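To keep things clear, I will list the structure first and then write my remarks on it.
Here is the naming used below: chain letters follow the sequence lines, and residue numbers restart at 1 for every chain. On a predicted model such as this, the values are computed, not experimentally measured, just so you know.
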Amino acid sequence: MAGRPRVGVLALQGDVREHLAMLEGLGADARPVRTRAQLDDVAGLVLPGGESSVIDRLSRILGLRDAIVDRIGDGMPVYGTCAGMILLADEILDAAPGQRTFGGLDAVVRRNAFGSQVDSFETDLDVPALGAPPVRAVFIRAPVVERTGERATPLAAVDGRVVAIEQGPLLATSFHPEVQGEARFHRRFLDRVDGLG
Amino acid sequence: MSENPQTTTGTARVKRGLAEMLVGGVIMDVVTPEQARIAEDAGAVAVMALERVPADIRAQGGVARMSDPDLIDAIKAEVTIPVMAKARIGHFVEAQVLEALEVDYIDESEVLSPADYVNHIDKWGFDVPFVCGATNLGEALRRITEGAAMIRSKGEAGTGDVSEATKHIRTINREIRRLSSLSKDELFVAAKELQAPYELVAEVAEAGRLPVVLFVAGGVATPADAAMMMQLGADGVFVGSGIFKSGNPEARAAAIVRATASYDDPKAIAEASRGLGEAMVGINVADLPAPHRLAERGW
């Protein structure tokens, strides 16, 4: 794709502002996505941090859910952080009653796996696929990948628990590169979008 | 938790980060696990666990304090979303107790009776993040200086009258816009007038926004109230008495969530406003004698 890739950030709830700023900083044409027409207009989608149960609920009420599921099925590049990882997973543990995911990522993800907010933390995380230096990773009531399916590849782990994962055009992290100016995951997502052209 | 020596908890980034994850959402006051269930099912991003909603604190009077730990535990056990709880202004031991109970956020709140009329809590000393109320920019910046990781404009809690909430969010945002218009040498005097540190004032002037998330509270009772606060620049809303003092809490809670998400779409707000039954009856703030105005607590 020539020029600036046009990508969206699902803007129903969560840290949309931080993702838009990160993507714009990397030269993308980044737009909030709150309607079906806006979704049709982007070549890739970021699912932000936020409250996964709320984003799920709003996506259904506002009639976006089926369209997102279809686009993921068609191979649209998607990057999910924290709540976004939960929304991408085929299966979730410790879900809110009735909570669903968009799915696509062959993984089982446990919601809020580290405990309450006082257990939220930041740490230096080695991500071999990104090389040096390590990622300063911010985990906020974060999920973990409890089981990685055959089609997916783990990218990083904390104490043996997988916190970053990839599967073709899909990328997901338990932590929030967007709140601390870590650009390499968003770059990787934009490379997938560029690769479509 | 990792044994990596580079691992730290309770950093400003981790504390402010949770508030960033709540943006665009509705935080609901609940007094029982049953209400907490209704709130989560309706799409609340978090719940505030307390013994009495502000409307009842106002009606019943007396000293209002931190909630019973059993109640907080029961609400934490009921829901999967973050649970917040209130400590009295300046009551650092109530805050220690709430941290020990592992609530996700502490609200150092004027809705409870202040425990110290001079000092607020030193919030830097805690791993748990704090949200504090403010009626203007100076107050917001003083709370951030003390370690608040999130600000909510105060409004007038327990009234169902949104006029004070409007006044406070407009005031804070107007004062930020004014700061951004000042030249560098004028910021020193601005810092003095705001009674806030120069570095923080300069940071806000440069960014054109607070370094933390800004929600609105105090008097929001309808979907249109919530959407108006969002259009005025709020990052999200707290709804206290407005939901569980109304005729149909389930429907009203869901409607306020929907209107907050679709705040710039009048058709969606109209849809959300249908068939909600009776709103909270409320009290006009203008009819409240000054000693009963909660927003004047804190400084």
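For B:Glu40, the part lying under 4.5 angstrom from a heavy atom of chain A is the side chain only. The contact between A:Ala95 and chain B is made entirely by backbone atoms, counting heavy-atom distances below 4.5 Å. Heavy atoms closer than 4.5 Å to chain B are found in the side chain of A:Val138, but not in its backbone. Looking at B:Arg16, neither its backbone nor its side chain comes within 4.5 Å of chain A, counting heavy atoms on both sides. There is no contact between B:Ala268 and chain A, counting heavy-atom distances below 4.5 Å. In this structure, no portion of B:Ala46 lies under 4.5 Å from any heavy atom of chain A. Only the backbone of A:Asp94 comes within less than 4.5 Å of a heavy atom of chain B; no side-chain atom from C-beta onward does.
A pairwise comparison of heavy atoms in A:Gln13 and B:Val23 identifies NE2-O, 3.0 Å as the closest pair. Scanning both residues, A:Leu62 and B:Ser262, for their nearest heavy atoms gives CD2-OG, 3.7 Å. Contact between B:Lys76 and A:Ser116 at its shortest, heavy atoms only, is NZ-CB, 4.3 Å. For the pair B:Ile81 and A:Ser53, the tightest heavy-atom approach, listed with the atom from each and the gap, is CG2-OG, 3.9 Å.
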For this session: Dump the intermediate steps for side chain to side chain contact (heavy atoms under 4.5 Å, CB included) on A:Arg111 and B:Thr80, then the final yes or no.
Result: CA-CA 9 Å; A:Arg111 240 173 121 224; B:Thr80 65; 2.7 Å; yes

Exercise. When you look at A:Arg34 and B:Asp264, which way does the side chain to side chain contact (heavy atoms under 4.5 Å, CB included) test go after all the steps?
Worked result: CA-CA 11 Å; A:Arg34 298 166 70 197; B:Asp264 57 357; 3.2 Å; yes

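In this structure, the separation between OG on A:Ser120 and CG on B:Asp127 is 10.0 Å, given to the nearest 0.5 Å. Atom CZ of B:Arg258 and atom CG of A:Leu58 lie 9.5 Å apart (nearest 0.5 Å). Atom OG1 of residue B:Thr7 and atom CZ of residue A:Phe121 lie 6.5 Å apart, to the nearest 0.5 angstrom. If you take CD on A:Gln117 and NZ on B:Lys15, they are separated by 9.5 Å, rounding to the nearest 0.5 Å. Rounding to the nearest 0.5 Å gives a distance of 11.5 Å between CD of A:Gln99 and CG of B:Asp41. One finds the CE atom of B:Met21 at 6.5 Å from the OG1 atom of A:Thr81 (value rounded to the nearest 0.5 Å).
More than 12 heavy-atom neighbours from other residues, nucleotides or ligands sit within 6.0 angstrom of CZ on B:Phe126. The number of heavy-atom neighbours closer than 6.0 Å to CD of A:Glu150, taken from other residues, nucleotides and ligands shown, is 12 or below. Counted within 6.0 Å of CD on A:Glu24, heavy atoms from surrounding residues, nucleotides or ligands total more than 12; the atom is thus considered enclosed.
The pair B:Asp235-A:Arg17 meets the salt-bridge criterion, with a side-chain N (NZ, NE, NH1 or NH2) lying under 4.0 Å from an Asp/Glu carboxylate O.
A donor atom on one side chain and an acceptor atom on the other are found under 3.5 Å apart for A:Glu122 and B:Thr11.
Within the 4.5 Å cutoff, the side chain of A:Arg141 has heavy atoms near those of the B:Leu18 side chain.
Options A:Glu18, A:His176, A:Arg57 differ in how many heavy-atom pairs under 4.5 Å they form with chain B, and the most are formed by A:Arg57. Residue with the most contacts toward chain A among B:Ala42, B:Pro82, B:Gly24: B:Pro82 (heavy-atom pairs, distance under 4.5 Å).
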